[in-house]
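Contents: one structure, followed by commentary.
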Amino acid sequence: MPVKVNADACIGCGACTGVCPTSSLNLNAEGKCEVVEDTCVDCCACMGTCPVGAISQ
């Protein structure tokens, strides 16, 4: 199951996009993180990188 992003909490820093081994996280047009569910392997590397805790399982 892919990770989930709380868009209201996301500050759009992009820290998560740099640690994702499958490039499954992108910043959308609003500058918020989005998950590409088809490629997310639920490794949770992004969860530890998000400075505001906007990513969860």
Side-chain angles (χ1 to χ4, degrees):
M1 178 175 232
V3 295
K4 295 177 178 31
V5 177
N6 178 343
D8 292 332
C10 177
I11 59 172
C13 69
C16 57
T17 63
V19 299
C20 182
T22 58
S23 300
S24 296
L25 298 172
N26 303 298
L27 297 181
N28 64 20
E30 289 83 39
K32 303 289 183 165
C33 177
E34 285 185 331
V35 180
V36 179
E37 294 185 7
D38 291 341
T39 57
C40 177
V41 294
D42 199 27
C43 71
C44 300
C46 53
M47 287 176 58
T49 304
C50 181
V52 294
I55 304 172
S56 64
Q57 286 185 305

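These figures come from a predicted structure and were not determined experimentally.
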If you take all heavy atoms of Met47 and Gln57, which pair is closest and at what distance?
SD-CG, 3.7 Å
Val36 and Leu25: side chain to side chain contact (heavy atoms under 4.5 Å, CB included), yes or no, with the steps?
CA-CA 6 Å; Val36 179; Leu25 298 172; over 6 Å; no
Over all atoms of both residues, closest heavy-atom pair of Ser24 and Cys40:
OG-N, 3.2 Å
Taking the side chain as every heavy atom from C-beta outward, state whether Val3 and Asp42 have any pair of such atoms under 4.5 Å apart.
yes
Distance in Å, Cys20 SG paired with Asn26 CG, rounded so as to fall on 0.5 Å steps
8.5 Å
Least distance between heavy atoms, Thr49 atom then Val19 atom:
OG1-CG2, 3.4 Å
Enumerate donor-acceptor pairs with a distance under 3.5 Å from any side-chain N or O in residues 5-13 to protein atoms, sequence neighbours excluded.
from	atom 1	to	atom 2	distance (Å)
Asn6	OD1	Asp8	N	3.0
Asn6	OD1	Ala9	N	3.2

